[in-house]
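Input: a single structure, listed below in structure tokens.
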There are 2 protein chains.
Amino acid sequence: MKKDMNKPVILVVNDDGITAPGIKNLIEVMQPLGRVVVVAPDGPQSGMGHAITIGKPLRFDRVDLYPGVEMYKCSGTPVDCVKLAVNKIFKGKKPDICVSGINHGLNNSINVIYSGTMSAAVEGAIEGIPSIGFSLDDFSQQADFSFTKPFIKTITEQVLKNGLPEATLLNVNFPKGDGLKGIKICRQANAKWSEEFEERSDPYNRPYYWLTGYFQNNDKGEDTDVWALDNGYVSVVPVQFDLTAHHAIPILNRYDFKVEGVKSTQNTPPTTHHSLDGSSLG
Amino acid sequence: MKKDMNKPVILVVNDDGITAPGIKNLIEVMQPLGRVVVVAPDGPQSGMGHAITIGKPLRFDRVDLYPGVEMYKCSGTPVDCVKLAVNKIFKGKKPDICVSGINHGLNNSINVIYSGTMSAAVEGAIEGIPSIGFSLDDFSQQADFSFTKPFIKTITEQVLKNGLPEATLLNVNFPKGDGLKGIKICRQANAKWSEEFEERSDPYNRPYYWLTGYFQNNDKGEDTDVWALDNGYVSVVPVQFDLTAHHAIPILNRYDFKVEGVKSTQNTPPTTHHSLDGSSLG
């Protein structure tokens, strides 16, 4: 595709599927900001995390749902959508920004790791594209997204203008309902899901299980996304895909690993921190 | 299940499926170290990342493949396996350690994020279980895992003895072939995949696409897992599931987000770093 030099190119993805109201609302915010290209799953892909499709082929087809918007549906995961967009549509010429969502349901705290919406944004960031995931605390197909729009607009505009720190993306969550107090830059709350599997019997008397559970937050920090959302703010968490626990490296270098016939070699000098300004890259 | 107080309880998972040679080799290393419980997918789940199954129910059944080993197969993802193990088998009494693998193929660098093997270990860590993922640079069903065993044994023993720093797990990778020089504690190399989608036509002349690509490493650091593996070492990367890019918070607080009628609020004092000793938890 050709890039109009005056207009930023905006890749829109999601995990709820191409017909979800959330992505329609996101497209509406993006249309005045640039040239919009949509690549979304052909059905719901919630909870797919960073899954990619390697054991079977993908379908990838042009669709025309909304006037004037270049749209494609894909049979794969949200991460597949980003990979297909980069490789088959943009052909190496990266879009100026990748926005994902608006997700039906929160992706705050540990949800970032299970979320297809956020994983699509992570994949955008891995590709070097400034990327943002947007999520609203409302699973309903009739969810009201209207009050999120001015926030999504200003966040997107600021990222288009300033970019993002290297190898980071944004995880933006909205509480349900209007009357938001503003935007808070947060850290990911240290919370988790407590699972409960509901056992049922099929017509042949064989058991099967539904994953259910509840969100359990014991992190009382007022600098977390959970706190921000509970207190009427839009939460913005900068997210990274370098998963290295750098602080743990010197601790592990003191462990006494022993293998017969092999000289213990882990006690090397402390490693350098991954350079975020890229100076360690060759 | 009842816990023998003298023996650690070891949860074994993988993503290549319950019949893979890799998990058989991992079980063989674990049997002398404790009481082994295996929960693995009933088929291949490579590349599933941190996907969970929420749109359909799960099957979960006892199987007896290896004498004296308590084994279950699950129709879901590697992360589902860990959730089912914690909830249906251990019923809240956590195992002493969770080991995942041995994966057929490397999970170094950015692969940590796509890997079902590593995501199962991440899920173990989220559950508060000391967790390790093991992977070998050999996709073959005839892969030789024997030389990895003394390394897996000492790493597992050291983690059983010392535990791991809070909210971290280990990503352990082996180069192919014998003659290893030792163990290196590393950071995740800043590398990525360059995708190429191979287009084919089905018998009805409709296109479909296979995801292919090559691993692209521009990170020349000698403290990375890629370097360690290239130079004959076992790479051990400590991994965390707090994805917050803490260093980016003060930068984002300087962005000029503006929404009509809403007072800009993101410029709050610098947030506290997520306390790794748990002191910020209520």
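Chain naming here is simple, since letters A, B, ... match the order of the sequence lines and numbering starts at 1 in each.
Within the 4.5 angstrom heavy-atom criterion, no atom of A:Asn171 approaches chain B. Residue A:Gln45: no heavy atom, backbone or side chain, is found under 4.5 Å from chain B. When heavy atoms are compared at a cutoff of 4.5 Å, A:Arg206 approaches chain B by way of both its backbone and its side chain. Proximity to chain B is absent for every atom of A:Pro44, based on heavy atoms less than 4.5 angstrom apart. The contact between A:Val79 and chain B is made entirely by side chain atoms (from C-beta outward), counting heavy-atom distances below 4.5 Å. The contact between A:Thr53 and chain B is made entirely by backbone atoms, counting heavy-atom distances below 4.5 Å. With a 4.5 angstrom heavy-atom cutoff, A:Val237 touches chain B only via side-chain atoms.
We find the CD1-CE distance between A:Ile52 and B:Met48 to be 10.5 Å, quoted to the nearest 0.5 Å. Note that the CD atom of B:Glu123 and the CD atom of A:Glu195 stand 6.0 Å from one another [nearest 0.5 Å]. Atom CG of A:Leu84 is separated from atom OH of B:Tyr209 by 8.0 Å, given to the nearest 0.5 angstrom. Note that the CD atom of B:Glu157 and the CG atom of A:Asp256 stand 10.5 Å from one another [nearest 0.5 Å].
In this view, B:Tyr114 and A:His50 satisfy the ring-ring contact (aromatic ring centres under 6.0 Å, His included) rule, not counting sequence neighbours.
Counting only distance, with no hydrogens or angles, the side chain of A:Arg200 and the backbone of B:Pro57 share no donor-acceptor pair below 3.5 Å.
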